[in-house]
Amino acid sequence: MPMEKTFDAAEAEARLYAMWEQAGAFKAGANASRAETFSIMIPPPNVTGSLHMGHAFNNTLQDILVRWHRMRGFDTLWQPGTDHAGIATQMVVERELAMAGNAGRREMGRTAFIEKVWEQKVSSERTILGQLKRLGASCDWSRTAFTMDPNFHDAVIKVFVDLYNKGLIYRGKRLVNWDPMFETAISDLEVENIEVAGHMWHFKYPLAGGATYEYVEKDAEGNVTLREVRDYISIATTRPETMLGDGAVAVHPSDARYAAIIGKLCEIPVGPKAQRRLIPIITDEYPDPLFGSGAVKITGAHDFNDYAVAQRNGIPLYRLMDTRGAMRADGAPYAEEAAKAQGIALGMPFSGAEVDAINLVPDEYRGLDRFEARKRVVEAITAEGLAVMVPNTAVTATAGSTPPPADDIPALIAYVEAKTIMQPFGDRSKVVIEPMLTDQWFVDTAKIVQPAIDAVRNGETVILPERDAKVYFHWLENIEPWCISRQLWWGHQIPVWYGFDLLPPTGDSDANFGIWKNDRTGDVMIGVHFFCASDELGAVRQASDHYFEVFNNSSMSIRIVENRSAALAFLDANAAKSQIEFPIWRDPDVLDTWFSSGLWPIGTLGWPEDTPELRKYFPTSTLVTGFDIIFFWVARMMMMQLAVVNEVPFKTVYVHALVRDEKGKKMSKSLGNVLDPLDLIDDYGTDAVRFTLTAMAAMGRDLKLSTQRIAGYRNFGTKLWNACRFAEMNGVWEGHTTRATPPAATATVNRWIIGETAKVRAEVDAALADYRFDHAANALYAFVWGKVCDWYVEFAKPLFDGATAAETRATMGWVLDQCMILLHPIMPFVTEELWHTTGTRAKMLVHTDWPTYGAELIDDASMREMTWVTTLIDEIRSARAQMHVPVGLKLDMLQLALDDAGRGAWTRNEALIKRLARIETLAEAVQTPKGAITIAVEGGTFAIPLEGVIDIAEEKARLSKTLEKLEKDMNGLRGRLNNAAFLASAKEDVIDETRGKLEQGDDEAGKLRAAIARLAEVG
RNA sequence: GGGAGAUUAGCUCAGUGGUAGAGCGCUUCGUUCACAUCGAAGAUGUCAGGGGUUCAAAUCCCUUAUCUCCCACCA
């Protein structure tokens, strides 16, 4: 059955993929013929839905490397899998529940909700794996992993426990980035700082007791520009709602304007007047005297800078908001607590601890969203006349004027500076992040970071392109503690159980719990003890040991309870019992997703078991990933693998760019410019999509994708297909055998194309070794289309019934085989299909040996000769076209002069030259006849008589134009050669090359001049 | 504020010291038996501006401009 005109991708892809899978072609170690291994861990896609273009790109590159190594006989593993993606997946499920009008997460309860998420995981994973298969990804699916698989989970927990025991993980009350929508802490990396239009308000904080001071302002020369008596200190803020949590006002120690009032108290001008708190005016290096008024309100519990100031100066921290970012409504009413709070504030110095038990929020703000509270605070202060006029041009908004503030604060106040401010947003929730004082788990990254830095510095792991290594270093060298606890439900629950630190009996006590009760009812907070263990049994053992040590009572036992309040209730209920039972409860939080994906390399290979796979494939060879997760993932994997198994996780990291739309915009759902890889595959076939991505994968460059480009590469597949179809029509595949080395060839064309094949094979290998995927693709494109199809196939046509027919058939078969082999890593489907369409093969293409031939196949004489032949044909065609000679018209040509090399070349290639240049006969002549066009090539001159057909003037113009261009080049070359400095300093081969070019050019120019002269004669 | 990168044909981009290329698009021609998802021919560039190093600069250095991205606590 003859081949179809085109490759039917839609029909063939599924069939071919099934064939590979059934044959186990992708299994780890399949086709291995040598001991060297090559392993890649897939960056596990999130089980949040489906794959996008970035995944298609990322996995295409991986597949190319994997298929290439597999064909080269490496023991190859491509490890697939998916990531549970805690916050992202939980968000997707919550959103779906909400859209379906179902009960929310809280109403469902943790267990039921987690079940829902598992359903999401199953369906998303099915989608994702299906997509990867359509993309042609040759992963070992039998090893598909998931970050919450039981064994992977065990590995994660073990690492947590180990790091905890080594003191590398700790729990602390710190200011963290809090996402009020998800009500969880997030890490620094999950915060996006975005510039938004905001405002800065200037307010007066009245001095306590109506105190006054002389405020003097000077210009740069020291001249007094302002001198007045003030009874307030002016501060600037972008967040008035946090004023209620101020602990101090700070000024720079060198700021003379405020020297007189350091240590004095001022009043926070918010809330009922009688209840306002007084805070001290302190000095700290942090305030910039040149910015604003030079005085900064210090709100330690709601600002990272202020937190540091508060820590340094022992300023209390007042948490004002609840987990949803609303002003607190818990605790005792404001009136009762204010005095106590003020007492603490006045009782400087303070330890710097949080004052959490009290609520500083006045009744009118309780429960309000932070932005609503901001609005009301601003209104109240303004109404009171405490807004400061800002005497500069930055004042853009006055009462009732435009522009309206962007953050929904009406322009009610006297003066406010419009100001673009950097505001933190949650990368998933897109809501404003609130710095929040909470208890969280942290990895002490500073203690494990150094090996990760060293490994890249000393080249044990190479990051490509190099500039990304700089980014990596910069981040690691300034690393902050990593907050790893998340107040979510979907993920690895933290393996820590808590129990109260109970005091031992005081001697005469016979009721052990009485001790606890006394402790609890007193002013001292009850401490908690941590039991970190890989499972509940371990925690119970630890707790037993602990309480046994404290109480020395052998009849005691441990009881697992739900949470802290259950533990308190349990103790209350059992206080009188003689039997001692101690409640412990597990930390409800889960680990940051990146903590678990940070263990992906060893976790998927079976660690902590000493598996054969771990020994063989770890450290992995290459990681292919996007630059956007260098910090999130690459750096964490480096740190964690080094901390856990003391080895780097991979030897090379290839960092690729982002896929953007054709206008260069990041693809996003909200912009509606997302190209779905599956749609493109449906329209153009997988090979076309893969080839496009590959050809555009220049290192470190964003990749702008257009469908036009994809169509072009689909055509490329068709081109190869039709070359094979041509071969079929000419009997190339009859009795064809697959062979590693080319057949012996005598014809120049055949020797030439064999040499070209050897050249492209070397180019492809070099390009892939350097991760220059674009070079590999472009080299193959130029070879297959530009050499094989444009020239070789055409050359071969007249040879199929000549003396070299058999040799030509064998050569063409071999060359096309090589095209399939070399293209297979990039275009697996069409090549595999052709492989079988064109003959009976011993092995599938996916397992066919990658060639190693090289320079020994390049025959310089043939290469030169074919260059001469193609140049001659080009010249004739060009002349014909410019003279408007009908394409179909066969012409007679005269040979005016030709050296021996030219004569030989002509003789050997006469048939093909005549065919491609549409020449009927060639005869020798001594001079150009009247009305002929002249063709000048290296070593010879030809003429084509066209009396009556051509326009003499036009031919003259053509020749003159060519000559002009040539002479311009010659002048340049002559200029260089006449320059003594050039001859003295340039390398010899450059000089030789220049001389050669000049000589050749002069020769050609001479011929052109002669031809022009001749035209003038006859004209 | 710090850092990185970009600026080459109409568009998207290659090109790291020897006088500029590809694909697409465009123009003209073409039903020659592999392919119209094609073929042949053709046009198009002060390599962002300025300065420097060099015999020689798109390429190396300095500088200016514009753009992009990353990081960062100016209230």
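Scope of the values below: all heavy atoms of this structure, side chains included, with no hydrogens, waters or symmetry mates. Order of the sequence lines sets the chain letters (A, B, ...), proteins ahead of strands, with each chain counted from 1.
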Inset, instruction - Pick base, sugar-phosphate or nothing for A/Phe304, based on heavy-atom distances below 4.0 Å to the nucleic acid. - result: nothing
Inset, instruction - Pick the P atom in B/A48 and in B/U59, then give their distance to the nearest Å. - result: 8 Å
Legend entry - Nearest-0.5 Å distance, NE2 of residue A/His775 to OG1 of residue A/Thr694: 13.5 Å
Inset, instruction - Can you check each nucleotide of nucleotides 51-58 of chain B against protein heavy atoms at under 4.0 Å and return B for base, S for sugar-phosphate only, - for none, in 5' to 3' order? - result: ----B---
Inset, instruction - Kindly write out the residues that satisfy salt bridge (charged side-chain N to carboxylate O under 4.0 Å, His left out) with A/Arg974, not counting sequence neighbours, or none if the list is empty. - result: A/Asp1002
Legend entry - Strand RNA chain B as a dot-bracket string - pairs counted if Watson-Crick or G-U with both distances under 3.5 Å, | where the partner lies in another strand: ((((((((.[[[[.)..(..]]]].(((((.......))))).....[[[[[..)....]]]]])))))))....
Atom pairs and distances, side-chain donor-acceptor, residues 776-787 of chain A, under 3.5 Å, sequence neighbours left out:
{"residue": "A/Asn778", "atom": "ND2", "partner": "A/Asp774", "partner atom": "O", "Å": "3.1"}

Legend entry - Gap in Å between the two C1' atoms, one belonging to B/G52 and one to B/G17, rounded: 16 Å
Legend entry - salt bridge (charged side-chain N to carboxylate O under 4.0 Å, His left out) against A/Arg976, all qualifying residues, sequence neighbours excluded: none
Legend entry - Set of salt bridge (charged side-chain N to carboxylate O under 4.0 Å, His left out) partners for A/Lys797, sequence neighbours left out: A/Glu794
Inset, instruction - Classify the nucleic acid contact of A/Arg918 as base, sugar-phosphate or nothing, counting any heavy atom under 4.0 Å across all strands shown. - result: base
Legend entry - Any residue meeting side-chain hydrogen bond (donor to acceptor under 3.5 Å, both in side chains) with A/Asp188, in chain and number order, not counting sequence neighbours: A/Asn177
Inset, instruction - For atom CD of A/Glu4, decide whether the heavy atoms of other residues, nucleotides or ligands shown that lie under 6.0 angstrom number more than 12. - result: no
Inset, instruction - Report the nucleotide, chosen from B/A41, B/A75, B/G30, that has the shortest atom-to-atom distance to any side-chain atom of A/Val887. - result: B/G30
Legend entry - Ionic contact status for A/Arg772 with A/Asp770, cut-off 4.0 Å: no
Can you give me the N/O atom pairs linking the protein to nucleotides 45-47 of chain B at distances under 3.5 Å, or say none if there are none?
none

Inset, instruction - Check whether more than 12 heavy atoms from other residues, nucleotides or ligands sit under 6.0 Å from atom CD of A/Glu964, and answer yes or no. - result: no
Inset, instruction - Give one of base, sugar-phosphate or nothing for A/Val471, where a contact means two heavy atoms less than 4.0 Å apart. - result: nothing
Inset, instruction - Would you mind classifying the nucleic acid contact of A/Gly786 as base, sugar-phosphate or nothing, using non-hydrogen atoms under 4.0 angstrom? - result: nothing
Legend entry - Closest to side chain of A/Asp874, choosing from B/U32, B/A41, B/U12: B/A41
Legend entry - Gap between atoms CG and C1', on A/Asn177 and B/C73 respectively (whole Å): 12 Å
Legend entry - Short side-chain N/O contact to B/G15 OP1/OP2 from A/Arg772, under 4.0 Å: yes
Legend entry - Pairs flagged by side-chain hydrogen bond (donor to acceptor under 3.5 Å, both in side chains) wherever residues 286-308 of chain A is involved - sequence neighbours left out: A/Thr242-A/Lys297, A/Asp246-A/Lys297, A/Asp246-A/Thr299, A/Tyr286-A/Asn305, A/Lys297-A/Thr299, A/His302-A/Glu434
Legend entry - Sugar-phosphate, base or nothing in reach of A/Lys961, heavy atoms under 4.0 Å: sugar-phosphate
Inset, instruction - Could you measure between the two P atoms, the one in B/G39 and the one in B/A20, and give it in whole Å? - result: 27 Å
Inset, instruction - Tell me which nucleotide among B/A75, B/G23, B/A4 gets nearest to the side chain of A/Lys470. - result: B/A4
Inset, instruction - Under 4.0 Å between any heavy atoms, over every strand shown, what does A/Tyr781 touch: base, sugar-phosphate, or nothing? Just pick one. - result: sugar-phosphate
Inset, instruction - Could you work out which one of B/A41, B/A75, B/C71 sits closest to the side chain of A/Met200? - result: B/A75
Inset, instruction - Would you please classify the geometry between the A/Trp201 ring and the A/His199 ring as parallel, tilted or perpendicular, with 30° and 60° separating the classes? - result: tilted
Legend entry - Distance, P atom - from B/U53 to B/U46, rounded to whole angstrom: 26 Å
Inset, instruction - Hey, which sits more toward the 5' end of RNA chain B by its nearest nucleotide, A/Gly292 or A/Asn193? - result: A/Asn193
Legend entry - Distance (rounded to the nearest 0.5 Å) between A/Phe982 CZ and A/Thr994 OG1: 4.0 Å
Inset, instruction - Can you tell me, in whole Å, how much space there is between the C1' of B/C67 and that of B/U19? - result: 29 Å
Inset, instruction - For nucleotides B/A41 and B/C24, find the distance between their P atoms and express it as a whole number of Å. - result: 14 Å
Inset, instruction - Would you mind classifying the nucleic acid contact of A/Met3 as base, sugar-phosphate or nothing, using non-hydrogen atoms under 4.0 angstrom? - result: nothing
Inset, instruction - Please state the P separation for the pair B/G23 and B/G18 - nearest whole angstrom. - result: 23 Å
Legend entry - C1'-based separation of B/C73 from B/G15 [nearest Å]: 43 Å
Legend entry - Neighbour count above 12 (heavy atom, 6.0 Å) for A/Glu477 CD: yes
Legend entry - salt bridge (charged side-chain N to carboxylate O under 4.0 Å, His left out) involving A/Lys997 - partner list, sequence neighbours excluded: A/Glu993
Inset, instruction - Hey, could you give me each pair passing side-chain hydrogen bond (donor to acceptor under 3.5 Å, both in side chains) that has a residue in residues 710-729 of chain A? Not counting sequence neighbours. - result: A/Arg709-A/Tyr713, A/Asn722-A/Arg725
Legend entry - Under 4.0 Å protein heavy-atom contacts per nucleotide of nucleotides 33-38 of chain B, with B for base, S for backbone only and - for none: -BBSBS
